[in-house]
Amino acid sequence: MILQKHAEDLGLRNIRFYIDDGFSGTDLTRPAYVQMIKDMEDGKIGTIIVKDQSRLGRDHLETDRLMEITFPSYDVRFIAVNDGVDSINGINEMSGIRNYFNDFYARDTSKKIRAVQRAKGERGEHVGSTIPYGYMKNPEYNGDHKQHPLMIIDPEAVEVVRRIFKMAADGMGVRKIGDTLTAEKILSPSVYLFKKNGSRSGNPNLDRPYRWSKTTVRHILSNQTYCGDTVNFKTYSKSNKLKKRLKNDPSKVLVFENTHEPIVSREMFELVQKHFEGRKRPDKLGYTDKFAGLLYCGDCGKRLHLHRSFAAAPEKTVFQCGGFRSRVTDCSAHYIRESVLEQIVLQNLRQVTSLARNDPDEFYGAAMKRGRAEAKKQQAQLDKRKNSVTERIAKLDSILRCLYEDRVVGRITPERYDEMAAGYEQELTEKKRELTILNEQQQSENEQERIVTEFMEKAKQYAEMTELTYEILHTFIKRIEVFEKPVKYSRKYGNPITIYYTFELTKLEKIAVALGERNDESNEEIRMLLQLAF
């Protein structure tokens, strides 16, 4: 109304409005702004009127360039109503200063918002702009995420998410998962959210509402939110003018576990992540490496890669050290045939699962073998440290409350309050993070018991193992390390192999089985090796 009245008072006709609601003034790619510049370059514009200079933009370099160079070049009259600017009378020196302060205001606002988001993220609150598909905003959420979590399960979409994880866990690739959902005409996440609440997040394509892209499926499968965790600061932007999101350093990513109801189990999520390690696609011969994501060089730590040939027979397929092949390390080839490795792992796996089925007490005792006296000592130390941290957290809460009351009644200035509160808030955040770590350490014994028990249950499900499949491998085994032969190039001595099972071997003694490539040991000897390793 202001702009139209001003234009009519000046006798200007043929008015057109360029409106960019919801876009930042620092964004030089906002649609209506870009269209206005194009129309000006096409000679369609004679006068541009804004309420004040900040409406043109908050990037002082760009705004100065427009007002002092671009507009005069195209003979465009520029008017900022509230600032009293009309280029027909010339641009005064204050215009440049106003542009700078408009830019400064945007920068200062961005800095404050970043500080608020950082504080929220460090408290474990969800700081993302959208809620993941499969969840919905909790109508009872009142700002206290501990009392009422921000996200609750969306009953309409949750089964789709669970099904996606189930298909991935069964070895189905992301492309095939997407094609399956598309064929069944299941709404894509962006279109589903648009039809449910009008959200345009993800740029919904209403012309192809059932299209599930590889990127969409992959994003769901890699989102740790689905196992009940809040993950903050995965990405960042360098400044308020650079909108591109960059991947953050893993050390700066904060993970808060069990903050809301999970959609999939943590074990399911971790199993799916393994599928994305190494080669998952079929090679040119249509063969998929079942050891993908599991096989590593025991000497340099690089992956072992599968090598096949059109001319060679399938039984001559071999694994070789990736560091040796790419020459990024001084490692040797660690040459081992796929058929031999498969035979060794299958035989070892049968022995371990057989022991878990036939003698569960022995297996459980061996797997849980740890110094009980040492465990009690560590437990006492943890309890003592937890009590100390909990008392400090309560004291910090009390200090912050008193500080706030002093500020309200005027005993300290707002500036002094901000200065003192910032330090206490930072310490409070660090103490809460320390308490979370201590709780996790205290629960590790119970977690270990749960993992071993689950392993024993899985062993019962796979009583008969006639062949080594992708599913069996990724169900029981976490990592396989292949070492160089004791005598290089020998046909008599094989490669020592270490197998890490899915229960926490970092807290147990290793299960290490050194079997030769010729595989001459008897079953009884293998069983003895297992018992010695336990």
Side-chain angles (χ1 to χ4, degrees), residues 22 24-26 51-52 54-55 58 60 82-83 97-98 100-131 137-152 229-233 236-237 239-241 248 252-260 383-440:
S24 167
T26 61
K51 189 184 74 170
D52 58 61
S54 67
R55 300 303 89 196
R58 289 189 179 274
H60 75 279
N82 289 354
D83 292 335
I97 296 175
R98 285 196 193 97
Y100 175 77
F101 276 103
N102 290 334
D103 191 327
F104 174 79
Y105 174 80
R107 219 176 323 147
D108 187 55
T109 302
S110 173
K111 183 179 178 181
K112 291 176 180 176
I113 291 174
R114 284 169 184 261
V116 170
Q117 292 293 86
R118 167 59 60 177
K120 287 177 61 179
E122 289 178 347
R123 290 197 300 267
E125 297 183 35
H126 178 75
V127 294
S129 57
T130 58
I131 292 177
K137 187 172 182 179
N138 186 354
E140 298 180 0
Y141 179 69
N142 57 3
D144 185 354
H145 69 287
K146 294 182 179 179
Q147 183 179 7
H148 299 291
L150 172 66
M151 294 182 292
I152 58 174
D229 300 342
T230 295
V231 184
N232 291 331
F233 311 125
Y236 73 101
S237 61
S239 76
N240 64 309
K241 294 182 181 180
N248 213 344
K252 297 180 181 179
V253 177
L254 299 183
V255 179
F256 300 86
E257 295 188 353
N258 306 318
T259 57
H260 52 269
D383 287 338
K384 184 178 179 180
R385 184 59 187 159
K386 272 185 63 179
N387 291 336
S388 174
V389 172
T390 303
E391 289 175 5
R392 183 58 181 166
I393 288 174
K395 191 172 182 179
L396 287 170
D397 282 330
S398 177
I399 291 171
L400 286 169
R401 272 198 306 271
C402 292
L403 271 178
Y404 184 74
E405 290 173 2
D406 289 345
R407 177 186 172 181
V408 171
V409 299
R411 282 195 287 266
I412 60 173
T413 63
E415 292 77 13
R416 182 60 175 159
Y417 168 80
D418 292 339
E419 181 182 345
M420 296 177 69
Y424 286 124
E425 285 281 5
Q426 183 177 356
E427 184 184 356
L428 182 62
T429 300
E430 291 172 354
K431 291 298 179 186
K432 287 183 176 179
R433 196 178 304 164
E434 183 180 355
L435 183 61
T436 301
I437 294 171
L438 291 171
N439 284 330
E440 290 173 355

*asked:* Does any part of the side chain of Tyr424, heavy atoms only, come nearer than 4.5 Å to the side chain of Leu403, both counted from C-beta?
replied: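 When only atoms from C-beta onward are counted, Tyr424 and Leu403 do touch, with a gap below 4.5 Å.
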
*With the threshold set at 4.0 Å, does a side-chain nitrogen-carboxylate oxygen contact exist between Glu434 and Arg385?*
yes

*Do Val231 and Leu254 pass the side-chain contact (heavy atoms from CB on, under 4.5 Å) test, and can you show the C-alpha distance, the side-chain angles, and the key distance before you say yes or no?*
CA-CA 6 Å; Val231 184; Leu254 299 183; over 6 Å; no

Taking all non-hydrogen atoms of both residues, which atom of [X] and which atom of [Y] are closest, and how far apart?
X      : Y      : value
Pro149 : Thr259 : CB-O, 3.9 Å
Asn102 : Arg58  : O-NH1, 3.1 Å
Asn248 : Phe233 : ND2-O, 3.0 Å

*asked:* Going by ring pair (Phe, Tyr, Trp, His ring centres under 6.0 Å), name the residues that satisfy it together with Tyr105, two or more places apart in sequence or in a different chain.
replied: none

Separation between [atom1] of [X] and [atom2] of [Y], rounded to the nearest 0.5 Å:
X      : Y      : atom1 : atom2 : value
Thr130 : Lys137 : OG1   : NZ    : 12.5 Å
Glu140 : Ile152 : CD    : CD1   : 7.5 Å
Thr390 : Lys432 : OG1   : NZ    : 11.5 Å
His260 : Met151 : NE2   : CE    : 4.0 Å
Arg392 : Leu435 : CZ    : CG    : 14.5 Å
Leu396 : Glu391 : CG    : CD    : 12.0 Å

Return the set of residues passing side chain to side chain contact (heavy atoms under 4.5 Å, CB included) with [X] (not counting sequence neighbours), or none when no residue passes.
X      : answer
Gln426 : Glu430
Ala422 : none
Asp397 : Ile393, Arg401, Leu428

*Under the 3.5 angstrom rule, does the side chain of Asp229 hit a backbone N or O of Val255 as a donor-acceptor pair?*
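Side chain of Asp229 to backbone of Val255, a donor-acceptor pair under 3.5 Å: no, none is there.
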
*asked:* If we ignore hydrogens and angles and just use 3.5 Å, is the side chain of Ser398 paired with the main-chain N or O of Ala394 as donor and acceptor?
replied: no

*Report the residues that fulfil salt bridge (Lys or Arg N to Asp or Glu O under 4.0 Å) with Arg433, sequence neighbours left out, ordered by chain and then residue number.*
none

*Where does the angle between the aromatic ring planes of Tyr100 and Phe104 fall among parallel (under 30°), tilted (30 to 60°) and perpendicular (over 60°)?*
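Plane angle under 30°, so parallel.
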
*Report, as yes or no, whether the 6.0 Å neighbourhood of atom NZ on Lys431 holds more than 12 heavy atoms from other residues, nucleotides or ligands.*
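Yes, because the 6.0 Å sphere around NZ of Lys431 holds more than 12 heavy atoms from other groups.
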
*Test side-chain hydrogen bond (donor to acceptor under 3.5 Å, both in side chains) applied to Asp52 - qualifying residues, sequence neighbours left out*: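 Once residues adjacent in sequence are excluded, the partners of Asp52 under the side-chain hydrogen bond (donor to acceptor under 3.5 Å, both in side chains) criterion are Ser54.
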
